[in-house]
Structure formats: C-alpha cells, structure tokens
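Inspection log for the structure reproduced underneath, given as structure tokens.
All ligand and atom numbering here is 1-based and tracks the order in the structure.
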Amino acid sequence: MRRPVVAGNWKMHGSRAENTRLINAILEASDEPACEVIVCPPAVYLWEIGRQLKDNRIALGAQTLCADSQGAFTGEVSGAMLKDVGASHVIVGHSERRALYREDDALVARKFVAAQAAGLLPILCVGETLEEWERGDTEQVVARQLDAVLAVAGVASFGRAIVAYEPVWAIGTGKNATPDQAQAVHAFIRARIAARDAMIGDGLRLLYGGSVKAANAAELFGQPDVDGGLVGGASLKADEFVRICAAATSGRA
Ligand code: 13P
C-alpha cells in the first residue's frame, strides 16, 4: 500500500511573518495526518521553517537545487546545503524551471542524481504544455521526460523518489485535469517504470499537480494511481491545504 503524500509548493511567495502564520495555522488545524505532508518554501526560509517544524510530522522540501555539488556557481544552492538546513525533499524539473530557466531534460536528470547523492528525496515533475496536450502528445512528452532520468539514474533510483504529473495547462489556471485524465497519465507513468522493474513501479508514489483545491482533491486522489498532490496556490491557504491533506487520506481509505 502506497502512503499518500501532499506537498505544498509555495513558489516565490511568503515572508517570515506570513510563513509563521501559515505554518502555525496548518499545525493547529491538522491532527495527526495519515498522509505524508511536505511544505516547500523558498530556499531562504528553509532553515527557519525547519526549526518551526522540528519534531513535527511535516517534512521540509526545497523547490530546486544545483546540479553541481560545490564551487563557482554564483547564486546556486547545493543539495548538501539544503540537507544541512533540514530539507528532506526537493522538487526537480518543475515546469516553471523548465520553461522560465531553460532547464532541459538532461539538466533535470543531473539534478535528480544530485538530489539523491545529497540524501534528498527528489519530487520529479513531468507534464505537457497546452500545445502538446492539444496535439495529443501527452504520453510522448511524459515518456521523454521520464526516460531522460531513467537513462542517467536507472530504474532503481525511482525507489527513492516521488513523481508528480503536472500538466502545464492546469498550473495556476483553475482548470484541473479531470480525475480520468489524471488517472490515465498516472497509469501510463507507472507502467513505464514497472516495465523496467515491476516492484518499483508498483511502489512509486505519483502525485497530481495543477489547480488542486479542497473541492476537487478527493475525486482526484480517489483514482487508483493518484497517490496525492503537489499543490501550488491552495497550499498558501491553511484551511484549504489541511482539507486537501485530509482528502488524500480519506481518498485512499
Ligand atoms: P497550482 O496548484 O497553483 O495550480 O500549482 C501547481 C504547481 O505548480 C505545484 O507545483
């Protein structure tokens, strides 16, 4: 049985004061959740939030990392540094990084490897753009993105990773994939990993991301191959986020 996961990607939002309010509200509103909960604040806040979450049931994730481990890489943050300040997870290959910062499949694969080398659990994002979706190229795009990582990191590495399917057209648009659409792509991803290693494919946790909110979470997470969500906008509202976490738990009951 795969344990459900909900990760909140705060993107470039927050301040020390707002973060404290949000974390406190999440902690107050949620009982011991049966699902795994991860918050991914901007890198500069990891240390402080990590301390606020210390001895708590919420895990800490970063939003990206440098593919290199140290050296003359001005502005970059290494996996070891993220680990050092308390992160246990890191998002890799988010579509905003791919589109806005030109991270290609090869770089994403290097970041995936760097994350694991630093002892972090990568949350690998895959997903097609609106144009690719309209052309019917979803499976082709997702396969290419997965295969790039498989080629470099090998299938065994997916035993220490989470994969998030985030259709770009659903991110921040209020237009989520339907549960059937999400299920179909998740089943495709699982089958592609399982073709190489059945046990790893079966155990791999697959998150859906793209306009997840409390109102649609239960239906999405109720799909057999949807093991939780990667949540953007709604993770900035404590009550929404807590309800989404509850939906991940009940959806799998
Ligand atoms: P939204 O939930 O705001 O659509 O963002 C999804 C996302 O990009 C999470 O990584």
Point to revise | Any residue meeting ring-ring contact (aromatic ring centres under 6.0 Å, His included) with Phe112, in chain and number order, not counting sequence neighbours | key: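 With neighbours one apart ignored, the set is Phe158.
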Review point. Of Arg205, Gln183, His186, which is the lone residue that meets side-chain hydrogen bond (donor to acceptor under 3.5 Å, both in side chains) with Asp225?
Key: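 Considering Arg205, Gln183, His186, a side-chain hydrogen bond (donor to acceptor under 3.5 Å, both in side chains) with Asp225 is found only for Gln183.
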Check your understanding: Would you say Lys83's side chain and Gly119's backbone share a donor-acceptor pair under 3.5 angstrom?
Key ->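 Here the side-chain-to-backbone pair exists.
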**Study point:** Glu132 side chain to Thr129 backbone, donor-acceptor under 3.5 Å
**Key:** yes
Check your understanding: Once you round to the nearest 0.5 Å, how far does CD of Glu128 lie from CH2 of Trp169?
Key -> 6.5 Å
N/O contact list for ligand 1, threshold under 3.5 Å:
from	atom 1	to	atom 2	distance (Å)
ligand 1	2 (O)	Gly232	N	2.9
ligand 1	3 (O)	Gly233	N	2.8
ligand 1	4 (O)	Gly172	N	2.7
ligand 1	4 (O)	Ser211	N	2.7
ligand 1	5 (O)	Lys11	NZ	3.3
ligand 1	8 (O)	Lys11	NZ	2.8
ligand 1	8 (O)	His94	NE2	2.8
ligand 1	8 (O)	Glu166	OE1	3.4
ligand 1	10 (O)	Asn9	ND2	3.0
ligand 1	10 (O)	His94	NE2	2.9
ligand 1	10 (O)	Glu166	OE1	3.2
ligand 1	10 (O)	Glu166	OE2	2.9

Check your understanding: Looking at Arg192 and Asp147, does any basic side-chain N land under 4.0 Å from a carboxylate oxygen?
Key -> yes
